[in-house]
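Treat the numbers as computed from the prediction; the structure is a model and nothing was measured.
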Amino acid sequence: MASVLNVSAYLFTRIDDAVALRPVLRDRADAARIKGTILLAEEGINLFLAGDADAVRGFVAALRDDERFAALTTKESWSDDQPFGKMLVKVKREIIRMDHPTVRPDDGRAPAVAPATLRRWLDDGHDDAGRDVVLLDTRNAFEVDYGTFDGAVDLRIVRFTQFPDAAAAVCDDWAGKTVVSFCTGGIRCEKAAIHLREQGVEAFQLDGGILGYFAHEGGAHWNGECFVFDEREALGPDLAPRA
């Protein structure tokens, strides 16, 4: 039985002391023998951690004791081996770089679609209002090549900073339709949905991203695997590492 707990989580929340918080979290993770990556920025936190289940869950619980991180939710999966070589805590300008300062999820999220709702829409061929649904993959091209939703729009971007221009080139095709942006864990599609709504697109984000969808709906309407940024490389709809 797989014994290493892997968690991913992010939260857009104002952090004014990221530089001071960095060594605190690093020391706490080292003491718990946890490995992975934590990104801190003024706009929030993004983390990928792996280790003993009690240690990882205890680390997350301690984070939530800070009211800024009380709403942090994690996505869990398991592996036989530790997928990270070390523990890194970094301070960045953005926890996911978009270079659009007006996009501030900490000031208010875009509407989210639950995995069960998205599956129902895809089963029915339309949303609850009868509108066509456009699935928009906000990930980089090499990630999409591992797998994506059936019929999803793939912008073939190399980095997320290219998303606004790439989307602008095709968004006229989405008039009168409901756009659901998605990504691995939710962080990119959250910013993407806010940006698209600023441009007048009826956009939503997939709550919890692909991994959240896998956890609730398995591989329905999905083709392939989901790339992850650790030594597991990719996960199937059962959240198990690729063979």
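Residues W78 and V4 do not share a hydrophobic cluster, defined by chaining ILVMFWY side chains whose heavy atoms lie under 4.5 Å apart. Hydrophobic cluster membership differs between L155 and Y146, with clusters built from Ile, Leu, Val, Met, Phe, Trp and Tyr side chains linked at under 4.5 angstrom. Taking hydrophobic clusters as Ile, Leu, Val, Met, Phe, Trp and Tyr residues chained together by side-chain heavy-atom distances below 4.5 Å, L25 shares a cluster with M87. L88 and V91 fall into different hydrophobic clusters, where Ile, Leu, Val, Met, Phe, Trp and Tyr side chains are chained together by heavy-atom contacts under 4.5 Å. Put simply, V144 and I187 are part of two different groups of oily side chains (I, L, V, M, F, W, Y) that touch within less than 4.5 Å, one to the next.
Atom-to-atom distance recorded for F12:CZ and I96:CD1 is 8.0 Å, nearest 0.5 angstrom. Considering CG of L49 and CD1 of I38, their distance stands at 5.0 Å, rounded to 0.5 Å. L21 contributes atom CG, which lies 7.0 Å from atom CD1 of I45 (distance to the nearest 0.5 angstrom). Distance OH/Y10 to OG1/T73: 7.5 Å, rounded to 0.5 Å. Between C183 atom SG and N140 atom CG the span is 11.0 Å, to the nearest 0.5 Å. Annotation: the span from F182 atom CZ to T184 atom OG1 amounts to 9.5 Å, rounded to 0.5 Å.
The shortest distance between side-chain heavy atoms of V180 and L118 falls below 4.5 Å. Between P164 and M98, some side-chain heavy-atom pair lies under the 4.5 Å cut-off. A heavy-atom distance below 4.5 Å is found between the side chains of L122 and L135. Annotation: side chain of D52 is not in contact with side chain of L5 (no heavy-atom distance under 4.5 Å). You'll find the side chain of F229 stays beyond 4.5 Å of the side chain of T37, heavy atoms only. Looking at N6 and V56, their side chains never come closer than 4.5 Å, going by heavy atoms from C-beta outward. The closest side-chain heavy-atom distance from P105 to V103 is below 4.5 Å. Two residues are said to be in side-chain contact when any heavy atoms from C-beta on lie closer than 4.5 Å; H195 and K191 fail this criterion.
The closest side-chain donor-acceptor pair between D127 and T178 falls under 3.5 angstrom. For the residue pair T148 / D137, a side-chain donor-acceptor distance below 3.5 Å is found, with atom types taken as modelled. Side chain to side chain, D99 and T161 fail the donor-acceptor criterion of an N or O pair below 3.5 Å. Side-chain polar atoms of W222 and D150 form no donor-acceptor pair below 3.5 angstrom.
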Please assess L47 against L72 for the test side chain to side chain contact (heavy atoms under 4.5 Å, CB included), listing each intermediate value before the final yes or no. CA-CA 10 Å; L47 60 84; L72 191 71; 4.1 Å; yes

Taking it one step at a time, do V179 and L196 satisfy side chain to side chain contact (heavy atoms under 4.5 Å, CB included)? CA-CA 9 Å; V179 175; L196 291 173; 4.2 Å; yes

Applying side chain to side chain contact (heavy atoms under 4.5 Å, CB included) to E225 and E233, what does each step give before you reach the verdict? CA-CA 10 Å; E225 299 170 311; E233 187 177 349; over 6 Å; no

Show your working on salt bridge (charged side-chain N to carboxylate O under 4.0 Å, His left out) between D17 and R68 and close with a plain yes or no. CA-CA 12 Å; D17 61 343; R68 296 173 297 180; 2.7 Å; yes

Stepwise side chain to side chain contact (heavy atoms under 4.5 Å, CB included) test for T102 and E198: CA-CA 9 Å; T102 62; E198 288 181 347; 3.5 Å; yes

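A donor-acceptor pair is defined here as one N or O able to donate and one able to accept, closer than 3.5 Å; no such pair exists between the side chain of K177 and the backbone of R131. A distance-only check finds a donor-acceptor pair linking the side chain of S79 to the backbone of D81 [under 3.5 Å]. The closest donor-acceptor contact from the side chain of Q162 to the backbone of V158 lies under 3.5 Å. Proximity of a side-chain donor or acceptor of Q82 to a complementary backbone N or O of A50 within less than 3.5 Å is detected. For the pair R197 (side chain) and A203 (backbone), a donor-acceptor distance under 3.5 Å is present. For T13 (side chain) and D106 (main-chain N/O), no donor-acceptor pair under 3.5 Å exists by modelled atom type.
Around the CZ atom of R120, the shell of radius 6.0 Å holds more than 12 heavy atoms that belong to other residues, nucleotides or ligands. With a 6.0 Å radius and a threshold of 12 heavy atoms from other residues, nucleotides or ligands, N223 has its CG atom at or below the threshold.
Residues passing the salt bridge (Lys or Arg N to Asp or Glu O under 4.0 Å) test with D154, sequence neighbours excluded: R156.
Considering every non-hydrogen atom in both C226 and R139, the closest pair reads SG-NH1, 4.2 Å. For A234 against V228, the heavy-atom pair with the smallest separation is N-CG2, 3.9 Å. For A166 against I157, the heavy-atom pair with the smallest separation is CB-CG2, 3.7 Å. L235 and S77 make their closest contact through CD1-OG, 4.1 Å (heavy atoms, listed as atom of the first residue, atom of the second, distance). For the pair A110 and Q205, the tightest heavy-atom approach, listed with the atom from each and the gap, is O-NE2, 2.8 Å. Minimum interatomic distance between T138 and A192 (heavy atoms only, all atoms of both residues): CG2-CB, 3.7 Å.
You'll find the ring centres of F227 and F142 inside the 6.0 Å limit.
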Could you pull out all donor-acceptor pairs under 3.5 Å where a side-chain atom in residues 206-217 meets a protein atom, sequence neighbours excluded?
| residue | atom | partner | partner atom | Å |
| --- | --- | --- | --- | --- |
| Y213 | OH | A220 | O | 2.8 |
| H216 | ND1 | G212 | O | 2.9 |
| E217 | OE1 | R119 | NH1 | 3.3 |

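With F84 as the aromatic partner, R232 does not meet the cation-pi criteria of under 6.0 angstrom to the ring centre and within 45 degrees of the ring axis.
Salt-bridge check for E42 with R104: passed, with a basic side-chain N closer than 4.0 Å to an acidic carboxylate O. Ion pairing between a basic and an acidic side chain is recognised when a charged N comes within 4.0 Å of a carboxylate O; R93 and E43 show no such pairing. The existence of a salt bridge linking R14 and D107 is excluded, since no basic side-chain nitrogen approaches an acidic carboxylate oxygen closer than 4.0 Å.
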